[in-house]
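Below: the structure, in structure tokens.
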Amino acid sequence: MKAIMPAASPLSIVQAQLDAYNAKDIDVLLMTYATDAEQYQLHGEMLARGHEQIRARFLVRFAEPDLHAALISRTIMENVVIDHEVVTRNFPDGVGSVEILCVYETENGRIQKASFATGKTKLNVPFHAKA
């Protein structure tokens with residue numbers, strides 16, 4: 001008799017997504033999203049729909065050499081996971097960071113909808129040695 005594998009929990013699927021993001025592993029990252037998943041600015045415009053658009057959106061971000069998301073806190077309520085992250089990025093004016101609230105809604109072991117509230121960009125201040 002074949003064992004039935006339980007569906008991924010909301011916590012495990014969102015953590016797998018974060019791990020894949022930091023590893024810049026697009027194939028594993030897409031496995032965490034439903035094929036018809038949607039990404040939005042929180043209470044705003046759609047950023048991407050479906051694996052093709054999500055792939056294109058992440059591949060642009062993955063080209064940034066300093067990209068890394070640090071998890072500050074996580075809240076889980078049933079099928080909703082809210083992450084507070086500080087993401088290091090390569091901006092046109094230099095390396096910096098931005099705080100992001102990520103609201104993930106999961107269904108059937110995959111992220112179905114993700115909404116992002118993005119804070120202000122903070123550029124790293126270069127250290128200048130005093131003469």
Side-chain angles (χ1 to χ4, degrees):
M1 184 171 166
K2 188 175 180 179
I4 298 173
M5 297 298 292
S9 70
L11 169 62
S12 66
I13 200 66
V14 170
Q15 184 60 51
Q17 184 270 163
L18 179 62
D19 293 342
Y21 181 90
N22 283 331
K24 298 182 181 182
D25 189 331
I26 191 65
D27 294 323
V28 171
L29 186 137
L30 286 175
M31 288 174 35
T32 67
Y33 279 86
T35 57
D36 60 346
E38 298 173 344
Q39 294 181 325
Y40 293 89
Q41 287 183 354
L42 189 63
H43 304 300
E45 73 174 282
M46 180 180 288
L47 302 170
R49 174 183 285 144
H51 277 193
E52 185 177 327
Q53 290 180 7
I54 293 171
R55 175 185 294 274
R57 186 167 182 266
F58 279 117
L59 286 177
V60 168
R61 190 67 39 86
F62 288 177
E64 298 177 20
D66 295 302
L67 182 71
H68 181 80
L71 182 65
I72 304 304
S73 66
R74 176 174 281 157
T75 302
I76 304 162
M77 185 185 74
E78 298 176 6
N79 71 319
V80 177
V81 179
I82 302 170
D83 282 359
H84 177 199
E85 301 173 0
V86 174
V87 180
T88 301
R89 299 215 25 222
N90 298 91
F91 297 101
D93 293 332
V95 177
S97 63
V98 62
E99 285 187 77
I100 301 178
L101 289 177
C102 310
V103 181
Y104 299 102
E105 297 175 54
T106 65
E107 189 175 300
N108 299 319
R110 298 287 180 261
I111 298 167
Q112 186 64 50
K113 187 182 287 187
S115 299
F116 308 101
T118 305
K120 293 179 182 173
T121 299
K122 298 175 186 170
L123 292 178
N124 294 352
V125 178
F127 176 77
H128 296 291
K130 292 184 179 183

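Heads up: numbering here begins at 1 and tracks the sequence. This is a predicted model, so every value here is computed, not measured. These numbers come from the heavy atoms of this one structure, side chains and all, not from hydrogens, waters or symmetry mates.
- Each of Y21 and V86 belongs to its own hydrophobic cluster when Ile, Leu, Val, Met, Phe, Trp and Tyr are linked at side-chain heavy-atom distances under 4.5 angstrom.
- Atoms NE2 and CD, from H43 and Q41 in turn, are 12.0 Å apart once rounded to the nearest 0.5 Å.
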Under the criterion side chain to side chain contact (heavy atoms under 4.5 Å, CB included), I'd like the reasoning laid out for I13 against R110: C-alpha separation, chi angles, the key distance, then a yes or no.
CA-CA 7 Å; I13 200 66; R110 298 287 180 261; 3.8 Å; yes
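- For the pair G96 and N124, the tightest heavy-atom approach, listed with the atom from each and the gap, is CA-OD1, 3.7 Å.
- Minimum interatomic distance between D83 and R74 (heavy atoms only, all atoms of both residues): OD1-NE, 2.7 Å.
- In this structure, the separation between CD1 on I111 and CG on N79 is 11.5 Å, given to the nearest 0.5 Å.
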Would you mind writing out the side-chain donor-acceptor pairs for residues 57-73 within the sub-3.5 Å range, not counting sequence neighbours?
unit_1: R57; atom_1: NH1; unit_2: Q39; atom_2: OE1; d: 3.0
unit_1: E64; atom_1: OE1; unit_2: R89; atom_2: NE; d: 3.0
unit_1: E64; atom_1: OE1; unit_2: N90; atom_2: N; d: 3.0
unit_1: E64; atom_1: OE2; unit_2: R89; atom_2: NE; d: 3.2
unit_1: E64; atom_1: OE2; unit_2: R89; atom_2: NH2; d: 2.6
unit_1: D66; atom_1: OD2; unit_2: N90; atom_2: ND2; d: 2.6
unit_1: H68; atom_1: ND1; unit_2: N22; atom_2: OD1; d: 3.4

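- Shown here are the side chain to side chain contact (heavy atoms under 4.5 Å, CB included) partners of A117, two or more places apart in sequence or in another chain: L42, L101.
- Clustering ILVMFWY residues whenever any of their side-chain heavy atoms sit less than 4.5 angstrom apart, transitively, puts I82 in a cluster other than the one holding F116.
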Show the numbers, then the answer: is there a side chain to side chain contact (heavy atoms under 4.5 Å, CB included) between L29 and K24?
CA-CA 8 Å; L29 186 137; K24 298 182 181 182; over 6 Å; no
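- Listed for the Q53 side chain is a donor-acceptor partner under 3.5 Å among the backbone atoms of R49.
- Taken from CD in Q112 to CD in E38, the straight-line distance is 7.0 Å, to the nearest 0.5 Å.
- The line from OG1 of T32 to CD of Q15 is 11.0 Å long, rounded to the nearest 0.5 Å.
- Under the 4.5 Å side-chain heavy-atom criterion for Ile, Leu, Val, Met, Phe, Trp and Tyr, V103 and I76 are members of distinct hydrophobic clusters.
- Both V14 and L11 are part of a single hydrophobic cluster, where members link through side-chain heavy atoms under 4.5 Å apart.
- Other residues sharing the hydrophobic cluster of M31, ordered by chain and number and joined by side-chain separations under 4.5 Å: none, the residue standing alone.
- Linking Ile, Leu, Val, Met, Phe, Trp and Tyr residues whenever their side-chain heavy atoms come within less than 4.5 Å places Y104 and L47 in a single cluster.
- Expressed to the nearest 0.5 Å, how far OG1 of T88 lies from NZ of K122 amounts to 11.5 Å.
- Distance OG1/T106 to OH/Y33: 12.0 Å, rounded to 0.5 Å.
- Salt bridge absent: E107 and K113 never bring a charged side-chain N and a carboxylate O closer than 4.0 Å.
- In E52, the CD atom is not crowded: 12 or fewer heavy atoms of neighbouring residues, nucleotides or ligands sit closer than 6.0 Å.
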